[in-house]
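Values below: all heavy atoms of this structure, side chains included; hydrogens, waters and symmetry mates excluded.
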Amino acid sequence: MMLHFVKPSKLKTKKIVFEDVFPAYNLVTLEHLKELSSKRKAIEDSINESSFITEAIAKEMSGGLESRYEQDIQKIEQYLPLLENLISCAAVISTYGGIQMAQWTVALKIRWSSSLSTSSFFNFKGSKFFQVDSLQFELGMTLFLCGGILRERALEVLSTDLVRSTTIFREAAGIYHHLAQEVLPPLQPELPPQKPPEALAEVSTIMSLICLAEAQAVTARKAEEKGTSSSLLAKLHHGVTLFLEEAIGIFHTVVTQCKDISPHLLEFMYFCKCLHELKGQQHLAESLKVSGQIGVAIGVLYSVLTNVKKKIPGEEPWKSLYQKQIQDSSEVLRKFVHENDFVWHEKIPSGDELPLPEGNKIVNFITYSPKKLERKLSLKVKL
């Protein structure tokens, strides 16, 4: 039972033709720029939903990949080495032709929409696009998109392969961690006042933590299927809440520097945290009952149910999933109360008398390593 937040994979972009802007000095450079434009167009057509290729042809072009998410990931993986090679060459050219490189970059008109800005939720005229004149911005947004699509792929395989789903979530977490630590920090001084939240390093840190929370949630589900003890399951679910609590804390600092970030992201993290807190406390209560502490178990369930009922998701399917877990935990509580009333007659503790939840974070991100392509590019720079 997992809540779904699809927004990070719903970015859009405007067309870029690199060879129309960068004057190639030789044929090798021209071919590289054309290949770069071609690979980017494949991404543009897919995320902008402007491609008329049939599913059968798309599968054949990808070498047999049936999943739309896998196809898109492949397109991004083919584009990124070419882009990073251009960025490396641009850095060298900037040392002696900085003004021209800056002019060329402006002429590219690198524009991306945001799926995490408040305006993206209420803009009925279509997507709002943000222009940032930096190749580093192009790299950052492409990687952010890749992380978002990986999350969707992890959810796609969730019903058939829990281990694979966990791995993909960890891969997505690694991409977002790389963004937060390596790609986005150098970009921050270049960002204009009107910037997409996705360009902030802190937002990628939040997304990395969300992916880790999701990976641990799948791990907990796998443990449940294997019949793991209730005490360990409680720690796994509370570990999920620890990841989300850290992400929520960062979100509150981001709001101070980016007013446009959507509260929908915060709601997603909050309800996920509450859901796993409830599941964790239910497992804890079951463990306490087994150890002969049914009164404490009842107190634990009373307390957590009171907390999670204070705020209910307003939209489907979050609302149904959330209420289903409340119903399941309430039924466990009802059975415990009935048994205690007729058999044990234990006192029901509350407040500080209740045990504090313990969480273990057992998953980590899989380090993202960019694929290197070393191809010397030459542009016509006027000295």
Side-chain angles (χ1 to χ4, degrees), residues 1-11 69 73 114-117 120-121 140-141 143-158 162 165-181 183-184 196-221 236-255 258 261-280 313 315 317-318 321-322 359-368:
M1 184 182 295
M2 294 179 66
L3 302 186
H4 188 193
F5 185 64
V6 69
K7 285 294 181 179
S9 66
K10 294 297 182 181
L11 298 175
Y69 299 124
I73 291 166
S114 169
S115 59
L116 297 180
S117 66
S120 70
F121 287 85
M141 295 301 285
L143 281 169
F144 197 99
L145 172 67
C146 187
I149 295 173
L150 276 171
R151 283 183 68 242
E152 296 305 306
R153 175 59 181 160
L155 288 169
E156 186 177 51
V157 302
L158 182 63
L162 293 176
S165 179
T166 301
T167 300
I168 298 173
F169 275 127
R170 293 175 59 217
E171 290 173 347
I175 286 180
Y176 285 122
H177 179 80
H178 176 72
L179 267 171
Q181 299 297 316
V183 177
L184 295 178
E198 290 88 347
L200 298 176
E202 293 85 351
V203 172
S204 283
T205 300
I206 290 172
M207 289 305 306
S208 182
L209 289 166
I210 287 174
C211 290
L212 290 176
E214 291 169 327
Q216 178 136 339
V218 179
T219 302
R221 178 168 164 176
L236 288 175
H237 282 290
H238 285 305
V240 175
T241 68
L242 292 177
F243 282 121
L244 293 169
E245 284 172 358
E246 185 179 352
I248 289 170
I250 297 171
F251 181 92
H252 288 304
T253 64
V254 171
V255 172
C258 183
I261 189 166
S262 171
H264 201 58
L265 175 60
L266 178 61
E267 290 176 1
F268 168 73
M269 293 187 289
Y270 172 78
F271 288 122
C272 280
K273 183 180 80 70
C274 290
L275 190 64
H276 286 281
E277 181 183 359
L278 179 54
K279 295 179 78 170
E315 64 179 57
W318 292 6
L321 289 170
Y322 199 80
N360 287 343
K361 296 191 288 187
I362 66 167
V363 301
N364 203 349
F365 61 83
I366 295 175
T367 301
Y368 171 74

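- Listed here is the closest heavy atom pair of L155 and H4: CD1-CD2, 3.2 Å.
- The minimum heavy-atom distance linking Y176 with G148 is given by the pair OH-N, 2.9 Å.
- With values rounded to the nearest 0.5 angstrom, T241 atom OG1 is found 12.0 Å from L278 atom CG.
- With contacts defined as side-chain heavy-atom distances shorter than 4.5 Å, the pair Y368/L143 qualifies.
- For the pair F243 and V363, the minimum side-chain heavy-atom distance is below 4.5 Å.
- Side-chain atoms of L266 and H252, non-hydrogen and from C-beta on, do get closer than 4.5 Å to each other.
- With hydrogens and angles ignored, the 3.5 Å screen pairs no side-chain donor or acceptor of E198 with any backbone N or O of V203.
- Annotation for A201 and A180: closest pair O-CB, 3.5 Å, computed over non-hydrogen atoms.
- When side chains are defined from C-beta on, I175 does not count as touching F144, because their heavy atoms never get closer than 4.5 Å.
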Test side-chain contact (heavy atoms from CB on, under 4.5 Å) on S208 and H178; report intermediate values, then the result.
CA-CA 9 Å; S208 182; H178 176 72; over 6 Å; no
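- Counting heavy atoms from C-beta outward, E267 and P313 have side chains that stay 4.5 Å or more apart.
- Residues I248 and E245 are not in side-chain contact: their nearest non-hydrogen atoms beyond the backbone lie 4.5 Å or more apart.
- Rounding to the nearest 0.5 Å places NZ of K273 at 13.0 Å from CG of L3.
- Side chains of I261 and L200 form no contact here, defined as non-hydrogen atoms less than 4.5 Å apart.
- Using the six-membered ring where Trp is involved, F365 and H177 have ring planes that are parallel, under 30° apart on the 30 and 60° scheme.
- Atom CD in E277 sits 7.0 Å away from atom NE2 in H238 (nearest 0.5 Å).
- Taken from CD in E171 to SG in C146, the straight-line distance is 9.5 Å, to the nearest 0.5 Å.
- Residue Q216 comes nearest to L236 through the heavy atom pair NE2-O, 3.0 Å, listed as atom of the first residue, atom of the second, then distance.
- Taking each heavy atom of A217 and M2 in turn, the nearest pair found is CB-CE, 4.4 Å.
- What you find for L184 and G140 is that their closest heavy atoms are CD2-CA, 4.2 Å.
- To the nearest 0.5 angstrom, K10 atom NZ is 13.5 Å from L116 atom CG.
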One pair to check against side-chain contact (heavy atoms from CB on, under 4.5 Å): Y69 and L150. What are the steps and the verdict?
CA-CA 7 Å; Y69 299 124; L150 276 171; over 6 Å; no
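- Rounding to the nearest 0.5 Å places CG of L212 at 12.0 Å from CG of L242.
- Counting only distance, with no hydrogens or angles, the side chain of E152 and the backbone of P8 share no donor-acceptor pair below 3.5 Å.
- Under the 3.5 Å distance criterion, with hydrogens and angles disregarded, no donor-acceptor pair is assigned to the side chains of Q181 and S204.
- Between F5 and M269 the shortest side-chain heavy-atom distance does not fall below 4.5 Å.
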Given K361 and E246, is the side-chain contact (heavy atoms from CB on, under 4.5 Å) satisfied, shown in steps?
CA-CA 12 Å; K361 296 191 288 187; E246 185 179 352; 3.8 Å; yes
Could you please spell out the steps behind the side-chain contact (heavy atoms from CB on, under 4.5 Å) verdict for E214 and V218?
CA-CA 6 Å; E214 291 169 327; V218 179; 5.7 Å; no
